[in-house]
Amino acid sequence: PLRLAVLASGRGSNLQAILDAIGDGVLDAEVVGVFSDRPASGAIERARRVGVPAVALRPAEFTDRADFDAALFDAIARVQPDIIVCAGYMRLLGAAQVEAWHGRMINIHPSLLPLFKGLRTHEQALASGALEHGASVHFVTAELDGGPVLAQARVAVVPSDDTASLAARVLDREHPLLVSALQLFAARRVRLDGSSVMVDGQPLSRPLQL
Ligand code: GAR
């Protein structure tokens, strides 16, 4: 099975989707560790509930960002993951760590990248008047939310939407999107070649629509 390290800061519903897919036998993977910058996060609680090793480090207890990132990634390296999955991890990652894990670290982002990078993506989408919104799974590179996109899921924006309704509609699609993307990794069908996403040995010309 594919060894996954999951980084999460928040409620952990994407982590839960991964754990459920593994439990249901539809994802040939193992979550070998959950890592967080927030000890009180739902993600840490979900991991502990099912006996997955969970490590939470408090940024305030480190002298600086580099020191924190070094400790975090030392802990990650100890569980020897094949890939790192950022599932609602809300801190910037260190450049050295991003470089070291090039092609082996993915992120789920709640927008149709390259649209609406950064925070408050649902607000950004509503403010832009977009008729469509969604989520993307992409490889992590030095550029925030700027790495090559593997797969996306689209939802319609409806006139009655507010950020909460839109976020909920997107989140519903994030869970199967992330699981489907990980199934491709588990089947060893995806890799990154420089900045090209390769699926079944062919470069992707546009993100998979899942
Ligand atoms: C998800 O919507 C994820 O796409 C987003 O945070 C949420 C985490 O939810 N990630 C980002 O915004 C990354 N910048 P969860 O904790 O329930 O999985």
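First listed ligand is number 1; within each ligand, the first listed atom is number 1. Hydrogens, waters and symmetry mates are skipped; everything else that's a heavy atom, side chains included, is used.
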Could you pull out every donor-acceptor pair under 3.5 Å between side chains of residues 82-105 and any protein atom, sequence neighbours left out?
{"residue": "Asp82", "atom": "OD2", "partner": "Arg3", "partner atom": "N", "Å": "2.7"}
{"residue": "His102", "atom": "NE2", "partner": "Gly194", "partner atom": "O", "Å": "3.3"}
{"residue": "Arg104", "atom": "NH2", "partner": "Ala100", "partner atom": "O", "Å": "3.2"}

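- Atom CG of Asn107 and atom OG1 of Thr141 lie 10.0 Å apart (nearest 0.5 Å).
- In this structure, Asp161 contributes its side chain and Val157 its backbone to no donor-acceptor pair below 3.5 Å.
- Applying the ring pair (Phe, Tyr, Trp, His ring centres under 6.0 Å) test to residues at least two apart or on different chains, the pairs with a partner in residues 140-196 are Phe139-Phe185.
- Within 4.0 Å of ligand 1, contacts by protein heavy atoms are made from Gly10, Arg11, Gly12, Ser13, Asn14, Gly88, Met90, Ile108, His109, Pro110, Leu171, Glu174.
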Considering only distance and modelled atom types, tabulate donor-acceptor pairs under 3.5 Å from the side chains of residues 33-44, sequence neighbours left out.
{"residue": "Ser36", "atom": "OG", "partner": "Ala8", "partner atom": "O", "Å": "2.6"}
{"residue": "Ser36", "atom": "OG", "partner": "Arg38", "partner atom": "N", "Å": "2.9"}
{"residue": "Ser36", "atom": "OG", "partner": "Arg38", "partner atom": "O", "Å": "3.3"}
{"residue": "Ser36", "atom": "OG", "partner": "Ser41", "partner atom": "OG", "Å": "3.3"}
{"residue": "Asp37", "atom": "OD1", "partner": "Ser9", "partner atom": "OG", "Å": "2.8"}
{"residue": "Arg38", "atom": "NH1", "partner": "Ser9", "partner atom": "O", "Å": "2.7"}
{"residue": "Ser41", "atom": "OG", "partner": "Arg38", "partner atom": "O", "Å": "2.9"}
{"residue": "Ser41", "atom": "OG", "partner": "Ile44", "partner atom": "N", "Å": "3.4"}

Report task. Take His109 and His138 through the test side-chain hydrogen bond (donor to acceptor under 3.5 Å, both in side chains) and record every step on the way to the result. Result -> CA-CA 8 Å; His109 180 79; His138 67 93; 5.5 Å; no
